[in-house]
Structures are given as C-alpha cells and as structure tokens.
Amino acid sequence: MAKWLFKSEPDTWSWAQQLAKAPAGEEWHGVRNYLARNNMRAMRLGDQGFFYHSNIGKEIVGIVEVCALSHPDSTSDDPRWDCVDIRALRPVTRPVSLAMVKADHRLAKMALVTCARLSVQPVTDEEWRIVCELGGVEP
DNA sequence: GCCAACGTTGGC
DNA sequence: GCCAACGTTGGC
C-alpha cells in the first residue's frame with residue numbers, strides 16, 4: 001500500500017472535523033493543483049496517509065485512510081479536478097511538527113520539506129516508519 | 001512554446 | 001502581516 005500526506009489549514013478543515021466524520025469519511029475537495037490531483041488519482045482503497053495542519057500548528061496530527069477512489073470534485077464544475085475521500089483512523093500520540101521533520105536528517109528528502117507547497121504528497125515507506133516512530137504510533 | 005505577470009501557499 | 005517560492009495563465 002502506498003503512503004501519502006494530506007495538508008489542511010485547521011481554520012478551513014481540521015483533524016477534529018475529520019475525526020467527527022469518521023468512519024464515513026469526507027471528500028478531500030478543493031485541490032486545484034495538477035500534481036496533488038495526480039497523486040490522488042494514483043491512490044488505492046486502503047492507502048493510508050498523514051493528516052498535516054499547515055499554517056497553524058504545522059504538525060502531523062493523525063492518520064487517515066483512503067475510503068473512496070478518485071472521482072469528480074463536487075465543489076468544482078471544471079472536469080479537470082478530481083479527489084478521493086478519506087476517513088480518520090487514529091490520532092498520533094505526539095504530534096510531529098515540521099521542525100521535528102526538518103531536524104531529523106533521515107527525513108531530509110520528505111516532500112514536506114522539499115515541496116513545501118504541494119498539498120497532497122507521496123510518503124515513502126521509510127519516511128512513514130520514521131514519522132510513526134516520532135509520533136509514538138504503530139506504523 | 002516562451003516567459004512575464006499574476007495569484008496563492010505557507011513558513012516565519 | 002510579510003514575502004519568498006512557485007504554479008498557473010495568457011499574450012505574443
């Protein structure tokens with residue numbers, strides 16, 4: 001299973017809101033970037049991802065799972081924009097901050113660091129394991 | 001198909 | 001709130 005990372009400004013959509021929608025899940029709409037969209041198109045049911053709070057917090061706060069394959073974004077009339085649905089699985093024991101990620105040389109190549117503006121990112125298996133370790137949660 | 005202008009993201 | 005980075009748009 002591939003691993004991913006989803007960014008959201010908690011002002012707009014927070015982990016608490018995502019958690020409140022579990023287990024049904026929620027459409028990850030609003031992405032208007034080709035690379036982020038292509039990442040969502042590549043997702044499979046059961047793929048897991050980190051839920052990251054951008055701007056406020058700047059930390060990974062939970063783990064989500066893809067529960068619907070890529071489909072047209074209901075918030076757009078433009079057929080270019082698709083998105084998946086995700087549901088909250090569990091919070092991390094300790095939030096993993098951007099500063100912690102940057103401070104860990106093993107995570108230097110993480111997209112969170114190298115592609116700061118990409119809102120839906122791939123995560124390698126090794127990065128997944130290390131972030132889970134930092135967050136005190138089972139990979 | 002290039003590239004300048006513009007808009008947005010997101011860390012600080 | 002600022003601004004750097006960078007993705008997108010649109011004129012040529």
Side-chain angles (χ1 to χ4, degrees):
Chain A
M1 288 291 188
K3 303 288 194 289
W4 310 94
L5 181 145
F6 298 84
K7 281 191 198 177
S8 185
E9 296 190 31
D11 272 356
T12 306
W13 183 256
S14 69
W15 171 249
Q17 287 170 292
Q18 186 71 49
L19 207 50
K21 287 283 184 178
E26 181 75 3
E27 192 181 73
W28 197 255
H29 52 232
V31 172
R32 302 290 182 266
N33 170 281
Y34 291 108
L35 209 49
R37 181 207 63 187
N38 291 347
N39 286 335
M40 287 197 284
R41 285 182 175 177
M43 292 179 188
R44 292 293 165 254
L45 290 177
D47 278 2
Q48 294 187 9
F50 293 125
F51 191 103
Y52 175 81
H53 277 166
S54 61
N55 276 310
I56 300 168
K58 285 168 284 177
E59 57 193 9
I60 290 164
V61 290
I63 292 176
V64 297
E65 177 184 61
V66 176
C67 61
L69 292 175
S70 185
H71 57 81
D73 183 330
S74 72
T75 65
S76 175
D77 294 331
D78 191 326
R80 289 177 299 173
W81 304 122
D82 297 337
C83 65
V84 296
D85 290 11
I86 61 173
R87 66 165 159 250
L89 285 186
R90 56 189 181 278
V92 295
T93 308
R94 284 171 267 124
V96 179
S97 68
L98 179 63
M100 287 164 70
V101 170
K102 285 183 171 174
D104 194 316
H105 69 277
R106 296 173 299 171
L107 299 173
K109 287 183 183 165
M110 223 178 145
L112 194 61
V113 180
T114 61
C115 305
R117 294 183 50 196
L118 184 59
S119 64
V120 179
Q121 318 179 340
V123 173
T124 68
D125 288 342
E126 194 186 359
E127 289 161 356
W128 183 267
R129 190 178 52 71
I130 294 166
V131 171
C132 285
E133 173 194 307
L134 294 174
V137 67
E138 288 298 311

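Chain identifiers are assigned alphabetically (A, B, ...) following the order of the sequence lines, protein sequences preceding nucleic acid strands; residue numbering begins at 1 within each chain.
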J.: Do Trp81(A) and Thr75(A) have side chains that approach each other closer than 4.5 Å (heavy atoms only, starting at C-beta)?
T.: no

J.: How about Val66(A) and Arg44(A): do any of their side-chain heavy atoms sit closer than 4.5 Å?
T.: no

J.: Step through the shown structure and confirm whether more than 12 heavy atoms of other residues, nucleotides or ligands are within 6.0 Å of CD on Glu126(A).
T.: no

J.: On DNA chain C, check which nucleotide each of Asn55(A) and Arg80(A) is closest to and give me the residue with the more 5' one.
T.: Asn55(A)

J.: Contact class for Leu35(A) vs. all strands (heavy atom < 4.0 Å): base, sugar-phosphate, or nothing?
T.: nothing

J.: Using the ring-ring contact (aromatic ring centres under 6.0 Å, His included) rule, pick out the option among Trp128(A), Trp15(A), Phe6(A) that qualifies with Phe50(A).
T.: Trp128(A)

J.: Can you give the first and last nucleotides of DNA chain C, 5' to 3', that have an atom under 4.0 Å from a heavy atom of chain A?
T.: dA5(C) to dT8(C)

J.: With respect to Tyr52(A), which candidate in Val96(A), Leu98(A), Val61(A) satisfies the side chain to side chain contact (heavy atoms under 4.5 Å, CB included) definition?
T.: Leu98(A)

